[in-house]
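As the structure is a computational prediction, the values presented were derived from the model and not from experiment.
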Amino acid sequence: MAKNIPITIAAGDMDRVAAIKDGRVQVEGCDVTFIPMEPEEVFFRAFRYAEFDCCELSFSSHMRVTSQNKADYVGIPAFVSRVFRHSGFYIRTDRGITKPEDLRGKLVGLPEYQMTAPVWMRGILEDEYGIKPEEIHWRSGGQEEAGRDERTPFEAPAGLDLQAIPQDRTLVEMFEAGELDALMTARAPSSFNLGKPNIDRLWPNFREVEKEYYRKTKMFPIMHLMGLRKDMHEAYPWLAGSLYKALLQSRDIAYEDLAKTAALSVALPWVDAERRDTIELMGNDFWRYGVEECRHEIEALARYSHSHGLSERLLTPEDLFAPSTFDISKI
């Protein structure tokens, strides 16, 4: 009798993958061990050691290693993390920064230059406001904990001022001390959450700014995808398609759970009103998966990655994903 193959799946503890984690959705032909883990740890272990059979991946880092022909994983277009990023610009309010153009010539901290969130943020600055990466002085390092470095080796291209902060310092302490003018980051800095003086968002009305960005571009920035380790892909050519199908089913269950009003699935009083507002702006499939469904967003990030010196060549979606995930059968 044929046996299922054992696989590990490592990803954040998110509603989009909850049905795989708790067994409501099975990956056909597989016995799954699901490992919930914060993305920074997943990425570190995946890109350094390729520890997991299937896992959440930084899209920017996946592009970088793919362009170098060093990728250990092939992509699955299940975009488990997507975030509008205007909310991630934090500024010192005592530096005369009132609009994006005021960031020219400033010292701006970020955890990693290749981190997907800052790649999108730099792309937004360039496409929407005409600010090139070379016009800002970048400082990278641990946001809350000292000693963070780039997850894959990276040498700044000519003309870009990118320097690591001292190994015993953090971005947040330097920001609070006034040694940095701004931060661009995926996580709200503790200094902002604690209401420290002279620290605020560049766009306090970020929600309206992000909605207008979506109306204009139809882009909901992709942060993370799922990846299948290449040796597993080669040994089981059917596995990428089966994983993608399961990830779609799990995402659809999350949609259904959000729509339940008899007993709310999320501890927010007006979650259904929020869902309806989102659908009005973005349509029913507001958390899109799929290569064709998201081609314009994938191509935008690939363009940013190449122009910012991260990817060694301009990638296409066909370079990044398992061929069997480009289309799935329908009944």
Side-chain angles (χ1 to χ4, degrees), residues 5 7-12 17 27 30 35 37-82 111-120 123 149-157 221-244 246-247 289-292 294-295 297-327:
I5 63 168
I7 65 166
T8 55
I9 299 178
V17 295
V27 180
C30 298
I35 308 170
M37 192 176 290
E38 288 296 310
E40 290 92 343
E41 184 177 358
V42 178
F43 302 161
F44 180 85
R45 294 168 65 173
F47 286 105
R48 294 283 179 95
Y49 309 113
E51 292 183 10
F52 313 107
D53 300 323
C54 174
C55 66
E56 187 176 355
L57 294 175
S58 158
F59 206 174
S60 171
S61 294
H62 178 60
M63 286 184 173
R64 178 164 169 73
V65 295
T66 298
S67 77
Q68 299 170 324
N69 297 316
K70 295 179 180 178
D72 291 312
Y73 290 84
V74 62
I76 299 172
F79 304 118
V80 293
S81 177
R82 306 177 72 126
E112 296 180 41
Y113 191 79
Q114 68 184 276
M115 185 178 170
T116 310
V119 176
W120 275 104
D149 55 10
E150 299 282 340
R151 66 178 62 100
T152 66
F154 175 65
E155 184 175 338
I222 299 168
M223 299 296 128
H224 309 160
L225 71 159
M226 296 298 291
L228 174 64
R229 205 172 59 225
K230 283 185 174 179
D231 62 335
M232 295 292 287
H233 180 52
E234 292 163 2
Y236 306 102
W238 50 269
L239 184 52
S242 292
L243 281 163
Y244 181 45
L247 288 158
Y289 286 179
V291 173
E292 293 308 325
C294 306
R295 183 174 285 270
E297 294 152 322
I298 298 165
E299 290 178 342
L301 185 60
R303 175 167 54 88
Y304 300 152
S305 179
H306 183 245
S307 68
H308 297 177
L310 293 168
S311 292
E312 297 185 4
R313 57 190 171 93
L314 181 60
L315 298 163
T316 68
E318 286 71 19
D319 296 317
L320 294 161
F321 299 98
S324 60
T325 63
F326 277 67
D327 195 17

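A heavy-atom distance below 4.5 Å is found between the side chains of Leu247 and Val17. Between Ser81 and Phe59 there is no side-chain heavy-atom pair separated by less than 4.5 Å. Counting heavy atoms from C-beta outward, Asp319 and Arg313 have side chains that approach closer than 4.5 Å. Using a 4.5 Å cut-off on side-chain heavy atoms (C-beta onward), Met226 and Glu56 make contact. Side-chain contact check for Met115 versus Ser58: every heavy-atom pair is 4.5 Å or farther apart. Thr325 is not listed as a side-chain neighbour of Val74, based on a closest heavy-atom distance of 4.5 Å or more.
The two residues Gly241 and Ser324 make their nearest non-hydrogen contact at N-OG, 3.5 Å. Contact detail for Cys294 and Ile222: the closest heavy-atom pair is CB-CD1, 4.1 Å. For the residue pair Ser60 and Val119, the shortest heavy atom distance occurs at OG-CG2, 3.6 Å. Closest non-hydrogen pair, Ser67 versus Ser311, comes out as OG-CA, 3.4 Å. Summarising the geometry of Thr66 relative to Ala71, their closest heavy-atom pair is OG1-CB, 3.7 Å, with the distance given to 0.1 Å. Summarising the geometry of Ala246 relative to Val27, their closest heavy-atom pair is CB-CG2, 3.8 Å, with the distance given to 0.1 Å.
Proximity of a side-chain donor or acceptor of Gln114 to a complementary backbone N or O of Leu310 within less than 3.5 Å is not detected. Judged purely by atom type and a 3.5 angstrom limit, Tyr73 has no side-chain atom pairing as donor or acceptor with the backbone of Cys55. Between the side chain of His62 and the main chain of Leu320, a donor-acceptor pair closer than 3.5 Å is present. Side chain of Tyr244 to backbone of Gly290: a donor-acceptor contact under 3.5 angstrom is found.
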Practice prompt. Given side chain to side chain contact (heavy atoms under 4.5 Å, CB included), test Tyr49 with Asp72 step by step and report yes or no.
Written response: CA-CA 9 Å; Tyr49 309 113; Asp72 291 312; over 6 Å; no
Discussion item. For Leu239 and Asp53: C-alpha separation, side-chain torsions, deciding distance, then whether side chain to side chain contact (heavy atoms under 4.5 Å, CB included) applies.
Written reply: CA-CA 11 Å; Leu239 184 52; Asp53 300 323; over 6 Å; no
Practice prompt. Check the pair Ile298 / Phe79 against side chain to side chain contact (heavy atoms under 4.5 Å, CB included), numbers first and verdict last.
Written response: CA-CA 11 Å; Ile298 298 165; Phe79 304 118; 4.0 Å; yes
Practice prompt. Output, in order, the C-alpha distance, side-chain angles, deciding distance and verdict of side chain to side chain contact (heavy atoms under 4.5 Å, CB included) for Val80 and Tyr289.
Written response: CA-CA 8 Å; Val80 293; Tyr289 286 179; 3.7 Å; yes
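How far CZ of Arg82 is from CH2 of Trp120: 8.0 Å, rounded to the nearest 0.5 Å. Rounding to the nearest 0.5 Å places CH2 of Trp238 at 8.0 Å from CG of Leu243. Between Glu112 atom CD and Ser61 atom OG the span is 6.5 Å, to the nearest 0.5 Å. The distance from the CZ atom of Arg45 to the CD1 atom of Ile35 is 7.0 Å, given to the nearest 0.5 Å. Atom-to-atom distance recorded for Arg64:CZ and His308:NE2 is 13.5 Å, nearest 0.5 angstrom. Here the straight-line distance linking atom CZ of Phe44 with atom CD of Glu38 works out to 15.5 Å at 0.5 Å rounding.
Counting non-hydrogen atoms of neighbouring residues, nucleotides and ligands closer than 6.0 angstrom, the CD atom of Glu318 exceeds 12 such neighbours.
In this structure, Glu234 does not pair ionically with Arg229, as no charged nitrogen and carboxylate oxygen lie closer than 4.0 Å.
Ring geometry for Phe43 against Phe47 counts as perpendicular: the plane angle is over 60°, on a 0 to 90° scale with 30° as the lower cut.
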